[in-house]
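Here is the structure we will look at, set down as structure tokens.
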Amino acid sequence: MAGRFEGTAVVDRPIEEVFAFLADGTNDPKFSPRVLEIAKTTDGPVGVGTVFKSTVKDAGMKTNREFEITEFQPPTRIRWAERSKNQVTAPEGGYDLAAQGGGTRVTVHNVLEGHGIGKLIAPLALRSARKGADQFAQAIKAAVEGS
């Protein structure tokens, strides 16, 4: 069974600047402490088909992750799908951006899905993600505003 979480924050930066920051997946460690390293593995500018590979630490365990950009609509929408095979994956996720005053409202979401023994872990991961979703969005805000 899959479940969704989302968080929202208003970033004090223009929508184009926020989009550019989020489109560059190598910025993820600036707002996600679970991302230990990340690299773009495809050539060319970021867009549909771009792949990022990362090493993350969840619940004390390191795993390798691979995400592909599946939708890219500057400056309002980015979607991705996890292509790696882990116990808990994010088969879909994304950012929705909207101009708000002089800033940008950012909504981040992910769907989490368990596989094998991960079906037992996924509900716990989802509960934790839902609880921390707005804090995660606030971390994005701080990272963008600090860049």
Side-chain angles (χ1 to χ4, degrees), residues 1-11 13 15 17-98 100 104-147:
M1 183 172 90
R4 177 184 164 106
F5 72 90
E6 73 176 44
T8 301
V10 177
V11 180
R13 292 288 184 274
I15 193 169
E17 185 179 327
V18 177
F19 185 91
F21 182 90
L22 294 172
D24 181 355
T26 63
N27 284 323
D28 286 10
K30 295 177 181 175
F31 56 85
S32 180
R34 60 188 285 275
V35 178
L36 303 176
E37 57 186 55
I38 188 166
K40 183 172 158 281
T41 62
T42 50
D43 293 329
V46 175
V48 173
T50 298
V51 175
F52 289 92
K53 287 188 178 182
S54 63
T55 301
V56 301
K57 189 171 186 179
D58 289 313
M61 297 183 339
K62 287 184 185 180
T63 58
N64 294 315
R65 306 282 174 155
E66 185 176 274
F67 290 89
E68 180 179 348
I69 303 294
T70 58
E71 193 174 335
F72 196 77
Q73 297 177 7
T76 61
R77 188 174 169 105
I78 300 170
R79 293 289 183 269
W80 59 77
E82 184 171 355
R83 301 297 186 215
S84 45
K85 305 295 181 205
N86 289 293
Q87 292 177 350
V88 178
T89 61
E92 61 183 86
Y95 299 111
D96 291 311
L97 289 76
Q100 183 169 320
T104 304
R105 187 180 76 247
V106 176
T107 301
V108 57
H109 79 274
N110 270 308
V111 172
L112 298 181
E113 182 175 78
H115 311 278
I117 195 158
K119 289 180 180 180
L120 300 173
I121 300 167
L124 300 173
L126 183 60
R127 186 175 330 132
S128 177
R130 284 178 175 156
K131 185 176 179 181
D134 284 330
Q135 286 178 309
F136 185 69
Q138 288 298 318
I140 292 170
K141 171 185 171 63
V144 175
E145 291 176 357
S147 66

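Although no hydrogens or angles enter the test, the distance criterion places a donor-acceptor pair under 3.5 Å between the side chain of Asp24 and the main chain of Thr26. Listed for the Ser147 side chain is a donor-acceptor partner under 3.5 Å among the backbone atoms of Val144. In this structure, the side chain of Gln87 does not engage the main chain of Gly118 through any donor-acceptor pair within 3.5 Å. Here the side chain of Ser32 pairs no donor or acceptor atom with the backbone of Pro29 at under 3.5 angstrom.
The closest side-chain heavy-atom distance from Asn110 to Trp80 is below 4.5 Å. Taking the side chain as every heavy atom from C-beta outward, Val51 and Phe67 never approach each other to under 4.5 Å. With a 4.5 Å cut-off on side-chain heavy atoms, Thr76 and Ile15 count as touching. Looking only at side-chain heavy atoms (C-beta outward), Glu68 and Thr50 stay at 4.5 Å or farther from each other.
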Checklist entry - Can you list the steps and then say if Val46 with Phe52 is a side-chain contact (heavy atoms from CB on, under 4.5 Å)? => result CA-CA 10 Å; Val46 175; Phe52 289 92; 4.1 Å; yes
Item to check | Residues Leu97, Gln73; criterion side-chain contact (heavy atoms from CB on, under 4.5 Å); working and verdict | outcome: CA-CA 10 Å; Leu97 289 76; Gln73 297 177 7; over 6 Å; no
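Here the closest non-hydrogen pair linking Val35 and Ile38 is CG1-CB, 4.1 Å. Minimum interatomic distance between Pro123 and Lys119 (heavy atoms only, all atoms of both residues): CD-O, 3.3 Å.
The aromatic ring centres of Phe19 and Phe72 sit less than 6.0 Å apart.
Expressed to the nearest 0.5 Å, how far CG of Asp28 lies from CZ of Arg34 amounts to 9.5 Å. Distance check, rounded to the nearest 0.5 Å: CD1 of Ile69 to OG1 of Thr42 gives 9.0 Å.
For the side chain to side chain donor-acceptor pair (under 3.5 Å) with Asp96, the qualifying choice from Arg79, Arg105, His109 is Arg79, the only one to do so.
Salt-bridge formation is detected for the pair Arg77/Glu71: a Lys NZ or Arg NE/NH1/NH2 atom is positioned less than 4.0 Å from an Asp or Glu carboxylate oxygen. Of the charged side-chain nitrogens involved, at least one lies within less than 4.0 Å of a carboxylate oxygen, so that Glu66 and Lys53 count as a salt-bridged pair.
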Identify each donor-acceptor pair in which a side-chain atom of residues 128-140 lies under 3.5 Å from a protein atom, sequence neighbours left out, and give them as a table.
unit_1, atom_1, unit_2, atom_2, d
Arg130, NE, Arg4, O, 2.9
Arg130, NH2, Arg4, O, 3.1
Asp134, OD1, Thr8, N, 3.1

